[in-house]
Amino acid sequence: AQRVTQPEKLLSVFKGAPVELKCNYSYSGSPELFWYVQYSRQRLQLLLRHISRESIKGFTADLNKGETSFHLKKPFAQEEDSAMYYCALSKNTDKLIFGTGTRLQVFP
Amino acid sequence: NAGVTQTPKFRILKIGQSMTLQCTQDMNHNYMYWYRQDPGMGLKLIYYSVGAGITDKGEVPNGYNVSRSTTEDFPLRLELAAPSQTSVYFCASSYIASGTQFFGPGTRLTVL
């Protein structure tokens, strides 16, 4: 069965520290993977998708098919990065399967 | 553009009551989705639609109904509310079948 696992409910770091939010998936086909973010009092929005291979707000994520992972990384966390982050897998390109989310807290 | 709008923002229902959660998008998107999010859980797909007149079940459709008479609107109907339907409901849309979905602000529903 298709599944997305985010093992950390909460990740706390200090400003300037590196950040890695973990995401593992199980899927039998060729996955499309995404990171969505929800800042406080804002709606859920797309942060990045693996197929575009871009860096958004300093975040990057590399699809590792061998380890079935799609971890989100940023070398130097900022306070404004504090938010809920959801990893998602696209099944047949039209439906998303979400992980349970990781709350990132960046302390000053 | 307002994007995806949802009404109401909050609602408290009694067991057995019915209600409709409204969702409207002004981006001319073909695809629309309804998700629910329970505390500490990810979003789960309830129903989705690939265009006006076409709807299909998602992962957790029981207790809900949808319709899609226009491109813009995708209401979600709860016929007999149950405490298990207490959740935050999100509507989303996308132009094509892709993972890039645009979300509404959510409706927080409590069934007592």
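Below, chains carry the letters A, B, ... as their sequence lines are ordered, and counting in each starts from 1. Values reported hereafter were calculated over all heavy atoms of this structure, with side chains retained and with hydrogens, waters and symmetry mates removed.
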- Query: In Å, rounded to the nearest 0.5 Å, how long is the span from CG of B:Leu45 to CZ of A:Phe98?
  - Reply: 9.0 Å
- Indicate if B:Tyr48 and B:Met32 have the same hydrophobic cluster label, given that clusters are the connected sets of ILVMFWY residues with side-chain heavy-atom separations under 4.5 angstrom. no
- Message: Membership question, hydrophobic clusters at under 4.5 Å side-chain separation (ILVMFWY): are B:Phe74 and B:Leu109 in the same one?
- Response: yes
- Query: Are A:Phe34 and A:Met84 connected in a single hydrophobic cluster, I mean Ile/Leu/Val/Met/Phe/Trp/Tyr linked by side-chain heavy atoms less than 4.5 Å apart?
  - Reply: yes
- Note on the structure: What one should report as the nearest heavy-atom pair of B:Gln101 and A:Tyr36 is N-OH, 2.8 Å
- Please say whether more than 12 non-hydrogen atoms of neighbouring residues, nucleotides or ligands are located less than 6.0 Å from CD1 in B:Ile15. yes
- Query: Given that the side chain runs from C-beta out, which part of B:Leu43 has a heavy atom under 4.5 Å from chain A: side chain, backbone, both or neither?
  - Reply: both
- Task: Flag the one option from B:Gly104, B:Gly3, B:Gly40, B:Gly58 with the top tally of heavy-atom pairs under 4.5 Å to chain A.
- Result: B:Gly104
- Considering all heavy atoms, the nearest A:Arg43-B:Ala2 contact: NH1-O, 4.4 Å
- Shared ILVMFWY cluster between B:Tyr31 and B:Tyr47, side chains joined below 4.5 angstrom? no
- When rounded to the nearest 0.5 angstrom, what distance separates CG in A:Leu96 from OH in B:Tyr35? 4.5 Å
- With a 4.5 angstrom heavy-atom cut-off, which part of B:Gln37 approaches chain A: side chain, backbone, both or neither? side chain
- Query: Should B:Ile46 and A:Leu89 be counted in the same cluster of Ile, Leu, Val, Met, Phe, Trp and Tyr side chains packed under 4.5 Å apart?
  - Reply: no
